[in-house]
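So the structure is just underneath, and the comments pick up after that.
Because the structure is predicted, anything quoted here is derived from the model rather than measured.
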Amino acid sequence: MSALLPAAEELWGEEPKFLFLDEIQLMPGWSKWLRRIHETTDIKLFVTGSNSKMSSHEIPTELRGRFIEQKVFPLSFREFLSFRNFDLDEKYLVHDQKQLAHVKRLLREYLSLGGLPEVVLADDSLKDDIVQSYFRTVVSRDIMELHRVRNDRVLKLLLKMLLNGKEYTVNKLYNTLKSMQHEIGKATIQQYIGYAEDAYFMRSVHAFSHSIKDATKHPRKLYCVDNSFLRFVSTKFSHDTGR
């Protein structure tokens with residue numbers, strides 16, 4: 001890791017003012033190295049990582065209080081339009097039927113294919129493979145390796161079941177997996193769902209109630225981080241536009 005700084009100095013001809021480091025959490029001793037650079041130089045550090053090890057509750061002790069976290073989610077619809085080189089003029093949208101029709105087509109595409117930048121820019125023939133690759137990465141690296149999960153078959157099946165449904169309860173998931181001859185406890189199911197949420201793959205939402213008891217007893221709705229996973233990973237054939 002210490003070789004990174006001399007390489008940057010050599011590139012700029014002097015000590016750099018900014019240093020951008022991608023997927024640094026995969027390198028051993030990265031947090032101690034970052035703290036040393038932070039405390040001994042005036043370099044501004046920008047560090048990115050794609051798995052849950054980079055989330056605020058997993059940041060090593062050496063960096064506590066020394067960083068500002070910025071979460072980067074898939075493209076918003078406005079960003080999606082920018083990626084598609086479409087300049088939206090909202091002032092004239094209502095009066096310009098041609099532009100309105102084009103925006104609606106792009107919205108349908110956005111709702112169906114999602115806003116992952118690489119997927120948005122890829123040829124249609126490659127989108128499925130890219131999303132499947134992302135799904136495998138989430139399962140293998142962000143969940144299995146990080147949390148030492150061994151039963152990859154049940155984990156993948158559970159995630160696909162969640163993608164196929166609008167809401168869930170742990171009891172219902174447990175009974176379904178049990179009927180399919182999979183030995184897994186309710187606590188483990190809850191753990192797996194928590195791991196998927198920590199990896200920013202999906203998010204569970206409780207039913208609204210002023211009573212915590214009432215909110216927790218109802219099925220939870222589940223939202224995936226990007227609709228591309230609903231399109232290419234789930235086995236649903238209908239276009240659930242409302243979801």
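A donor-acceptor pair shorter than 3.5 Å can be found between the side chains of Asp226 and Ser228.
Closest non-hydrogen pair, Arg220 versus Ser204, comes out as CD-CB, 4.1 Å. When all heavy atoms of Ala199 and Asp142 are compared, the closest pair comes out as CB-CB, 3.9 Å. Of all the heavy atoms in Leu111 and Asn227, the pair that sits closest is O-ND2, 2.8 Å. For the pair Phe73 and Tyr200, the tightest heavy-atom approach, listed with the atom from each and the gap, is CE2-CD2, 4.5 Å. Residue Leu106 comes nearest to Phe80 through the heavy atom pair O-CE2, 3.4 Å, listed as atom of the first residue, atom of the second, then distance. Across Val170 and Gln190, no two heavy atoms sit closer than the pair CG2-OE1, 3.0 Å.
Annotation: salt bridge (charged side-chain N to carboxylate O under 4.0 Å, His left out) contacts involving residues 149-164, sequence neighbours excluded, are absent. Sorted by first and then second residue, the ring pair (Phe, Tyr, Trp, His ring centres under 6.0 Å) pairs with a member in residues 148-182 form an empty list; sequence neighbours excluded.
With hydrophobic clusters built from ILVMFWY side chains whose heavy atoms lie under 4.5 angstrom apart, Phe201 does not share a cluster with Tyr223. The hydrophobic cluster containing Val72 does not contain Phe46, counting ILVMFWY residues as joined when their side-chain heavy atoms lie under 4.5 angstrom apart, directly or transitively. Tyr192 and Met180 fall within a single hydrophobic cluster, where Ile, Leu, Val, Met, Phe, Trp and Tyr are joined by side-chain heavy atoms under 4.5 Å apart, directly or via other members.
Counting heavy atoms from C-beta outward, Arg203 and Val225 have side chains that stay 4.5 Å or more apart. Looking at His38 and Leu34, their side chains never come closer than 4.5 Å, going by heavy atoms from C-beta outward. Contact check for Tyr134 versus Glu118: side-chain heavy atoms found under the 4.5 Å cut-off. Considering only heavy atoms from C-beta on, Tyr195 stays 4.5 Å or farther from Leu159 through its side chain. At least one side-chain heavy atom of Ile193 sits less than 4.5 Å from a side-chain heavy atom of Leu162. Side-chain contact check for Met144 versus Leu155: some heavy-atom pair is nearer than 4.5 Å. Side-chain contact between Ile189 and Ile184 is present, with at least one heavy-atom pair separated by less than 4.5 Å.
The ring pair (Phe, Tyr, Trp, His ring centres under 6.0 Å) check on Phe86 picks up His102, with sequence neighbours excluded.
In terms of modelled atom types and a separation under 3.5 Å, the side chain of Lys127 and the main chain of Val119 share a donor-acceptor contact. Not one N or O on the side chain of Ser112 forms a donor-acceptor pair closer than 3.5 Å with the backbone of Arg108. Looking only at distances, a side-chain donor or acceptor of Thr176 sits under 3.5 Å from a matching main-chain atom of Lys172. Between the side chain of Lys186 and the backbone N or O of Asn171 there is no donor-acceptor pair closer than 3.5 Å. Using a distance-only test at 3.5 Å, with no hydrogens or angles considered, a donor-acceptor pair links the side chain of Tyr110 to the main chain of Leu75.
Here CG of Leu157 is found 9.5 Å from CG of Asn151. Values are rounded to the nearest 0.5 Å. In this structure, Met202 CE and Leu230 CG are separated by 9.0 Å, a value rounded to the nearest 0.5 Å. To the nearest 0.5 angstrom, Lys166 atom NZ is 13.0 Å from Leu222 atom CG. The CE atom of Met161 sits 4.5 Å away from atom CG of Leu177, with the distance rounded to the nearest 0.5 Å. Interatomic distance, Arg78 CZ to Phe83 CZ, rounded to the nearest 0.5 Å: 14.5 Å. Rounding to the nearest 0.5 angstrom, the gap separating the NE2 atom in His218 from the CZ atom in Phe208 is 12.0 Å.
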Residues Arg141, Leu146; criterion side chain to side chain contact (heavy atoms under 4.5 Å, CB included); working and verdict:
CA-CA 6 Å; Arg141 190 175 70 184; Leu146 190 61; over 6 Å; no
